[in-house]
There are 2 protein chains.
Amino acid sequence: MIDHHPDAAPRPATRPSTGQEAGAAPGPVARPSQERGRRRRATLLEAAVGLLQEGGFTAVTHRAVAQRAGLPLAATTYYFTSRDELVAEAFALLVAGELHGMRGRLEEATPDETPEGLATALVVAMGSGAGPGDDGDRLRRLGLWQLYLQAGRDPALQVIARQWTDGCDAVVAEALRRAGYPPGRHAARIIGVLLAGLWMEHLVEGRPEAQSEAHTLLAQALRTILR
Amino acid sequence: MIDHHPDAAPRPATRPSTGQEAGAAPGPVARPSQERGRRRRATLLEAAVGLLQEGGFTAVTHRAVAQRAGLPLAATTYYFTSRDELVAEAFALLVAGELHGMRGRLEEATPDETPEGLATALVVAMGSGAGPGDDGDRLRRLGLWQLYLQAGRDPALQVIARQWTDGCDAVVAEALRRAGYPPGRHAARIIGVLLAGLWMEHLVEGRPEAQSEAHTLLAQALRTILR
DNA sequence: CGGATACCGGTACGTCCGTACCACTTTAAC
DNA sequence: GTTAAAGTGGTACGGACGTACCGGTATCCG
């Protein structure tokens with residue numbers, strides 16, 4: 001949050017005030033009553049998610065969102081009280097979508113019980129399913145993690161960040177259970193942190209051997225941690 | 001990098017050009033020849049590091065750096081060709097300092113050979129030594145990780161990000177060696193990723209039990225992974 | 001079918017940004 | 001000491017930002 005308009009905008013009274021007194025401003029609308037309004041709001045949110053992925057946190061500006069959604073600038077201030085609210089909702093949407101994708105990829109991976117098989121499934125769930133050469137996808141996923149870190153400075157985002165971590169852990173625990181591993185108290189957590197760390201490192205550093213290294217390390221951890 | 005001035009600024013020729021032709025502009029100076037210039041440059045860099053820690057990546061602006069350093073705005077453009085260069089150098093400095101601090105804390109921790117002892121030493125090395133209630137310190141360390149993620153979008157920062165990862169792994173490997181653990185091929189890497197992941201999660205989510213959980217998980221991993 | 005209300009969108013303000021400019025002062029070389 | 005180079009700093013420009021304003025239009029309820 002770059003604070004233009006630091007605090008308590010002075011309301012410079014640009015116009016001579018042609019009237020309009022004694023009415024509370026209608027203000028932005030979080031839940032539009034009409035169908036079209038709801039669709040417009042969703043379109044804006046979708047555009048914000050896309051910008052978040054492509055350009056990161058700072059790319060989500062009112063103007064960019066409006067342009068991407070094919071809507072006028074004022075629509076963004078009509079449906080969202082502030083940029084922060086827009087970003088927070090986009091973050092929540094992104095987290096939900098990513099968790100859903102992970103869960104889906106893990107369920108269709110049908111892992112066997114060997115550490116190698118489960119490690120493969122986890123690496124696949126981590127990736128998007130796109131080929132290893134897809135650099136655009138690597139960049140797109142950075143947005144999620146950038147916002148995750150931003151959550152460290154913004155309590156409104158922090159609650160979503162915790163949902164992200166908890167969701168990832170749950171997905172990993174479920175995968176371990178389905179693969180027939182005993183429900184160890186710490187095992188799922190260790191594997192989850194390991195998976196997230198390796199994933200993020202891959203997204204940031206882009207080393208070509210990252211995927212295979214992740215597979216090796218996960219398999220090793222599964223082999224030893226789970227007796 | 002919010003791209004104001006997207007590319008190839010049109011040079012609007014604001015003044016009627018009073019002369020000044022046929023001379024390559026003196027331009028910014030990366031390595032000042034005079035002592036005072038060197039100190040001023042270092043002061044600016046120091047200010048940039050501080051801003052990076054306190055406000056994150058977007059807080060490092062020419063004006064903020066200059067003000068914090070007690071220098072005029074033009075000093076920042078004199079010693080650094082662009083904001084990106086300023087940020088990159090500050091990132092490198094931050095990484096070097098953090099690695100140095102980690103190494104120092106680990107060396108004086110004199111870990112015993114038990115997994116619990118080493119886990120304690122690692123958690124201490126991760127933290128700054130400040131008490132658990134020091135929230136300002138938590139925020140300050142976020143800057144490093146935010147920049148680390150930004151490196152995923154900027155090749156100039158990416159090389160520094162790799163140095164950060166490699167440095168952390170080396171520190172962990174050294175700690176394992178000093179504690180008498182056998183130099184396993186993957187062990188240090190697993191512990192390093194685990195440590196970094198838990199650390200980052202703690203910084204972002206701020207859960208009160210994060211430190212003790214990190215200790216538990218690290219000890220468990222050390223106990224099982226290393227036979 | 002008429003009025004209230006939700007929605008729309010063009011436009012504007014003030015702020016902050018990166019960076020350039022250029023007259024001025026200090027330093028160092030001869 | 002003179003002079004070229006290095007350093008200094010006040011100021012300016014163009015652009016992008018968040019957000020407010022407000023006349024106009026569509027939709028819904030009665």
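All of these numbers come straight from a predicted model, not from anything done at the bench. Numbers restart at 1 for each chain; the letters A, B, ... are given by sequence-line order, proteins then strands.
For the pair B/Leu71 and A/His62, both in contact range of DNA chain D, the more 5′-proximal nearest nucleotide belongs to B/Leu71. Comparing A/Ala74 and A/Ala59, the nucleotide of DNA chain D nearest to each residue sits closer to the 5' end for A/Ala59. Between B/Glu35 and A/Arg38, the one whose closest nucleotide on DNA chain C sits nearer the 5' end is A/Arg38.
In this entry the distance linking CZ of B/Arg83 with C1' of C/dC16 reads 12 Å, nearest Å. Rounded to an integer number of Å, the gap from B/Arg36 CZ to D/dG9 P is 8 Å. The interatomic distance linking A/Leu44 (CG) with D/dT19 (P) rounds to 15 Å, in whole Å. The nearest whole Å value for the distance from the CZ atom in A/Phe80 to the C1' atom in C/dC7 is 15 Å. Spacing between atom CG of A/Leu73 and atom P of D/dT19 amounts to 11 Å, rounded to whole angstrom units. Distance CD (B/Gln67) to C1' (D/dG10): 15 Å, rounded to an integer number of Å.
Within the 4.0 Å cut-off from OP1 or OP2 of D/dT8, not a single side-chain nitrogen or oxygen of B/Tyr78 is found. Here B/Arg40 does not reach the OP1 or OP2 of D/dA6: none of its side-chain N or O atoms lies under 4.0 Å away. One finds a side-chain N or O of A/Thr61 lying less than 4.0 angstrom from the OP1 or OP2 phosphate oxygen of D/dC17.
The nucleotide whose nearest atom lies closest to any side-chain atom of B/Gln34 is, among D/dT19, D/dG9, C/dA28, C/dA28.
Annotation for B/Val49 and B/Ala90: closest pair CG2-O, 3.7 Å, computed over non-hydrogen atoms.
Annotation: side-chain contact (heavy atoms from CB on, under 4.5 Å) contacts of B/His100 (sequence neighbours excluded): none. Considering only residues two or more places apart in sequence or on other chains, A/Arg189 meets the side-chain hydrogen bond (donor to acceptor under 3.5 Å, both in side chains) condition with A/Asp169, B/Glu201, B/Glu213.
A cation-pi arrangement is present between A/Arg41 and A/Phe80 under the rule of less than 6.0 angstrom and at most 45 degrees off the ring axis.
The pair A/Glu98-A/Arg141 meets the salt-bridge criterion, since a charged nitrogen lies less than 4.0 angstrom from a carboxylate oxygen.
Judged by distance alone, with hydrogens and angles left aside, A/Arg63 brings a side-chain donor or acceptor within reach of the base of D/dG18, the pair sitting under 3.5 Å.
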